[in-house]
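Report on the following structure.
Order of listing sets the numbers, starting from 1, for every ligand and every atom in it. What you are looking at is a predicted structure, and each value in this text was computed from that prediction instead of being measured.
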Amino acid sequence: MSDQIILRLDGQDYPLPLEQGAENERAIDISSLRADTGLITLDSGYANTGSCRSAITFVDGEQGILRYRGIPIEQFTQHPNFIEVAWLLIFGSLPNRQEYDGFAGDLTAHANLDEGMKLHFEGFPRNAPPMAILSAMINALSCFYPELLELDDTSRFRLAAARLISKIRTIAAYAYRHSQGDAYNYPNPRLAYVSNLLHMMFSHPYQERECDPLVREALNLLFILHADHEQNCSTSTVRIVGSSKANLFASCAAGVCALWGPLHGGANIEVLRMLERIHNGHMTPEDYVQQAKDKTNDARLMGFGHRVYKNRDPRAEILGRQAEKLLAYMGQDDPLLNIARKLEEIALEDPYFKQRNLYPNVDFYSGIIMRAVGIPTNMFTVMFAIGRLPGWIAHWWEQNQRGQNRIARPRQIYDGNTITDYVPMDERG
Ligand code: SDX
């Protein structure tokens with residue numbers, strides 16, 4: 001197989017090396033293109049552009065494959081443990097008992113927020129968007145842990161990672177409690193990761209929120225399935241911000257902002273709103289699918305389609321089954337799940353969706369699970385961020401450790417004014 005391609009320009013040949021990945025995917029290395037030819041590439045949305053080499057996650061969109069450090073995502077469904085997957089993504093292998101207990105211990109030890117941070121919540125309006133609070137408060141961690149801004153060794157990095165993964169729960173819970181006008185619940189050191197999150201969100205002085213084992217399993221699985229997805233919009237944002245040597249907290253706060261968008265992590269909220277509009281009789285599933293195909297409006301079938309998956313998103317398959325299992329266990333018959341199944345059935349038979357390889361993605365069923373657990377719709381994307389945080393941290397650290405820290409600075413094709421002169425105010429039209 002050739003190890004280079006030849007670019008022919010104006011009768012001259014320019015060899016460009018071919019790179020090959022562990023799964024035989026191939027790329028043209030264009031790092032010398034501009035120097036050799038004066039040309040740059042142009043690729044809207046970077047759909048054909050690799051930004052880096054990475055060993056964290058492998059996605060094969062044609063085959064519907066997703067693996068974390070080589071382990072197929074399906075193998076985490078039996079005994080889902082979000083904390084061991086976080087370790088796997090960040091440090092490269094499954095933790096042994098000592099590593100796991102040490103990391104879990106760090107998460108327990110660092111769940112509290114500095115009392116000074118709690119004052120920040122009081123300044124937000126009750127109806128502030130939770131993702132705005134989350135991004136602001138993750139960035140604010142930079143102020144309270146200045147010793148973790150320069151992460152030049154693994155032990156300090158590990159402490160920063162533990163603090164972030166633990167405190168994102170507390171920040172999320174306090175944002176929710178503030179929106180409800182409820183007192184904050186301190187983290188309970190006797191509770192595991194997911195149980196503690198639900199305790200901090202939903203316990204009351206007179207009634208502690210118990211976390212049912214199947215609910216804990218469902219949320220561990222949900223966080224695992226959201227934990228990483230190679231160079232998606234928010235992870236690429238974290239890498240780009242980190243490439244300027246910005247600290248881990250600032251980089252992850254930027255990732256939260258990117259995830260907020262309705263085309264990315266915000267889609268899980270839009271899916272619920274879409275299902276509720278149909279449930280409330282505003283339109284039938286058939287009408288909604290027709291509207292999503294109609295180019296005269298910007299409606300889309302939310303939770304459908306994907307830049308990389310041109311086959312089924314394995315996460316949607318698993319979450320759809322988990323939603324059925326959880327609702328049956330809880331004795332809930334959620335009409336929104338039935339509507340989601342009907343939308344999927346209609347779309348998968350529709351030539352518009354088939355021709356464009358549009359399938360349910362990770363956001364299509366996740367909201368059904370969160371709703372069954374009692375998580376309010378406006379907190380869905382915050383839950384996505386809790387799940388995605390280990391992936392952001394892993395990519396930031398991989399980029400840092402591999403010395404891939406050439407600052408990210410894409411080029412452009414300029415199509416504005418050619419040279420023109422300044423016009424004094426009294427001579428302007
Ligand atoms: C996530 O990148 C990741 O890995 C993301 C993610 C992760 O884990 O980080 O997987 C998480 O963000 C999942 C995606 C969540 N977003 C949504 O569910 C929003 C709805 N989906 C779309 O907006 C869209 O499918 C995207 C944003 C997901 C992908 O957009 P692309 O790759 O830019 O595709 P496109 O917009 O160019 O669409 C190609 C065609 C277009 O039609 P034509 O111009 O060919 O006629 O497909 C159509 C689109 O109009 N299309 C849809 C559609 N998605 C694509 N039409 C109707 N409904 C949809 N959902």
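Proximity annotation for atom 58 (N) of ligand 1: of V59, D294, T235, L301, L301 comes nearest, heavy atoms only. Counting heavy atoms only, R300 comes closest to atom 49 (C) of ligand 1 of the residues R300, R307, E230. In the candidate list L358, N268, L259, L358 is nearest to atom 53 (C) of ligand 1, counting heavy atoms. When the options R315, Q355, Q291 are ranked by their closest heavy atom to atom 8 (O) of ligand 1, first place goes to R315.
The aromatic rings of F91 and F157 lie perpendicular to each other, with more than 60° between the two planes, well past the 30° mark. Ring-plane geometry between F82 and F223 is classed as tilted, the angle between the planes lying from 30 to 60 degrees on a 0 to 90 degree scale.
With Y176 as reference, F202 is the one residue of F380, F202, Y184, F124 to meet the ring-ring contact (aromatic ring centres under 6.0 Å, His included) rule. Exactly one residue among E317, E344, Q322, E324 makes a side chain to side chain donor-acceptor pair (under 3.5 Å) with Y365. That residue is E344.
For T57 and H229, the side-chain atoms include no donor-acceptor pair closer than 3.5 Å. In summary, the side chains of R239 and H395 do present a donor paired with an acceptor at a separation below 3.5 Å, with no hydrogens or angles considered.
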- I would like to know whether V373 and M370 meet side chain to side chain contact (heavy atoms under 4.5 Å, CB included); could you show each step before the answer? CA-CA 5 Å; V373 171; M370 292 188 271; 5.7 Å; no
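The backbone and the side chain of H306 each have at least one atom closer than 4.0 Å to an atom of ligand 1 (non-hydrogen atoms only). Looking at L263 against ligand 1, both its backbone and its side chain come within 4.0 Å, counting heavy atoms. Here R388 has side-chain heavy atoms under 4.0 Å from ligand 1, and that is the only part of it that gets that close. Counting heavy atoms under 4.0 Å from ligand 1, residue F364 does not touch it at all.
Checked by distance only, ligand 1 and D313 stay at 3.5 Å or farther apart across all their nitrogen or oxygen atoms. The N/O atoms of D363, backbone and side chain alike, include none that comes under 3.5 Å of an N/O atom in ligand 1. Between F304 and ligand 1, a contact under 3.5 Å exists for at least one N or O pair. Between G265 and ligand 1, no pair of N/O atoms sits closer than 3.5 Å.
Q231 does not count as a contact of ligand 1, since none of its heavy atoms falls under 4.0 Å from the ligand.
Counting atoms of ligand 1 from 1 in the listed order, those under 4.0 Å from a heavy atom of G305 are 25 (O), 28 (C).
A salt bridge does not link E74 to R315: none of the charged side-chain nitrogens sits closer than 4.0 Å to a carboxylate oxygen.
Under the 6.0 Å distance and 45° angle rule, R169 counts as a cation-pi partner of Y193.
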